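Here the structure is laid out as structure tokens; the discussion comes afterwards.
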Amino acid sequence: MAADHGSKQVILSGIQPTNRLTLGNYLGAIKNWVKLQSDAACYFMVVDQHAITVRQDPSELREATWFALASYIAAGIDAEKASIFIQSQVPQHAQLSWILNCYAYVGELSRMTQYKDKSAKAGSNIPVGLFTYPLLMAADILLYDSHLVPVGEDQKQHVELTRDIAERMNSLYGADTFVVPKPFIAKIAARVMDLQTPTAKMSKSAVNENGSIFLNDTPKQIENKFKRAMTDSETEIRFDIEQKPGVSNLLSIQAAITGDSIENLVARYVGKQYGHLKLDTAALVIQELEPLQKRTQELLQDKGELNRILKKSAEAAQAHAEKTVQRVYERIGFILPTGAR
Ligand code: TYM
């Protein structure tokens with residue numbers, strides 16, 4: 001049976017520590033996690049094992065992992081309420097991932113849009129991990145009997161694959177083998193777009209750095225990037241993703257930060273110019289990120305404290321994860337070592 005969290009829902013999510021986290025990661029994921037953490041049992045990981053599906057410099061990976069972890073806490077994830085840990089410190093992720101590899105089909109993995117995009121960029125030597133990566137993500141989710149997975153729009157397909165595999169194994173081994181998770185996608189900022197190419201999502205690995213706001217950009221850099229943001233040749237400020245992707249993106253960013261409705265925002269800009277919209281958005285983002293940046297830097301100076309948080313969280317996560325691994329091992333016919341359970 002699944003681990004007991006009382007009547008609380010289990011929520012789990014993660015971010016890859018590749019390059020620097022973006023405003024997309026913050027508005028599409030972390031900011032929502034903070035809102036969800038009080039009413040649920042939460043697990044928020046830094047998924048370093050996912051990051052190595054593309055080549056990483058070891059010291060940069062370590063630095064990005066610390067940075068992501070510190071950003072979670074600085075943004076308001078509370079280690080007393082949520083488990084905050086690094087994926088590679090909980091070996092059960094890799095264990096369950098192998099099992100899922102044996103129950104997923106090559107056809108369904110081939111349909112993953114992110115695989116198609118990333119493999120197209122990887123040249124002729126495509127790491128196998130890039131192909132099987134959604135199964136590591138499925139393992140992340142299923143290990144903790146997660147009910148809800150708060151992610152941006154781009155990860156929805158992976159959560160749906162997780163559901164398919166969980167249902168497949170439940171029908172083979174019993175309906176309580178896995179909790180079947182649901183994606184949780186916020187209505188606003190589920191897809192923050194690139195500032196230079198507003199038809200593509202803002203990404204950590206954007207070719208043109210001016211398209212992405214990174215969480216450690218300086219106020220000046222943020223202002224400059226918004227000033228240069230791509231809009232369109234008209235002048236009217238309205239929300240229309242098809243015709244006005246750039247303007248709509250700026251409005252969405254404002255709505256995600258302020259909690260205002262798009263309608264209210266649009267009404268406020270009647271008779272104003274794109275320049276006003278750009279500068280206002282920049283000012284809001286700078287104001288939102290400033291305390292987060294300050295706290296992140298403080299936390300990074302105190303790795304002892306970060307390590308204490310990690311140790312406590314990783315132990316709790318491991319205890320839950322181990323229960324799941326043993327349940328699955330037993331159901332599929334592996335012999336558990338004596339003394340287990
Ligand atoms: P990753 O690291 O690419 O992104 C982390 C989170 O940020 C969201 N996100 C965005 N949201 C809105 N607009 C954007 N431009 C934007 N860019 C990224 C993503 O949707 C995601 O929620 N495979 C995952 C990480 C992962 C995971 C998990 C997530 C691994 N295991 C288990 C949930 C549960 C990934 O690569 O996300």
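Whatever order the structure lists ligands and atoms in, that order sets their numbers, starting from 1. Just so we're clear, the structure is a prediction, and the values are computed from it rather than from any experiment. All residue numbers refer to positions in the sequence shown, counting from 1.
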Under 3.5 Å, N or O to N or O, is [X] touching ligand 1 that way?
X	answer
T22	no
M202	yes
G152	yes

Is the closest side-chain heavy-atom distance between [X] and [Y] below 4.5 Å?
X	Y	answer
F44	I30	no
L215	T22	no
Q92	T324	no
K323	D145	no
L21	K204	yes
R228	L195	no
L279	E223	yes

Within ligand 1, which atoms have a heavy atom of [X] less than 4.0 Å away?
X	answer
V47	25 (C), 30 (C), 31 (N)
L12	32 (C), 34 (C)
A189	12 (C)
A29	6 (C), 7 (O), 22 (O)
Q16	2 (O), 35 (C), 36 (O)
H50	30 (C), 31 (N)
G28	11 (N), 12 (C)
Y133	23 (N), 24 (C), 35 (C), 36 (O)

Closest candidate by heavy atom, reference atom 19 (C) of ligand 1, pool I253, V151, D154, I188: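 The residue whose heavy atom sits nearest atom 19 (C) of ligand 1 is D154.
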Proximity winner for atom 21 (C) of ligand 1, if only heavy atoms of Q114, M45, Q155 are counted: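 Comparing heavy atoms across Q114, M45, Q155, the nearest one to atom 21 (C) of ligand 1 lies in Q155.
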For [X], which part has a heavy atom under 4.0 Å from ligand 1: side chain, backbone, both, or neither?
X	answer
S203	neither
I15	both
V192	both
N25	both
I141	side chain

From NZ (K8) to NE2 (H147), nearest 0.5 Å: 13.0 Å
Cation-pi geometry met for R20 and F214 (6.0 Å, 45°): yes
Among H158, H50, Q49, side-chain hydrogen bond (donor to acceptor under 3.5 Å, both in side chains) partner for D140: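 It is H50, the one option of H158, H50, Q49 that forms the side-chain hydrogen bond (donor to acceptor under 3.5 Å, both in side chains) with D140.
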Partner of Y269 by side-chain hydrogen bond (donor to acceptor under 3.5 Å, both in side chains), out of E236, R238, Q254: Q254
Nearest non-hydrogen partners of P245 and T199, listed with the distance: CG-CG2, 4.2 Å
Donor-acceptor under 3.5 Å (Y72 side chain, M45 main chain):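 It does hold such a pair.
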Which residue and heavy atom of the protein sit nearest [atom], plus the separation:
atom	value
atom 25 (C) of ligand 1	G14 O, 3.5 Å
atom 31 (N) of ligand 1	D140 OD2, 2.6 Å
atom 11 (N) of ligand 1	G24 O, 3.3 Å
atom 12 (C) of ligand 1	A190 O, 3.2 Å

K204 touching ligand 1 at heavy-atom level, < 4.0 angstrom: yes
Proximity of Y144 and F85 rings by center, below 6.0 Å: yes
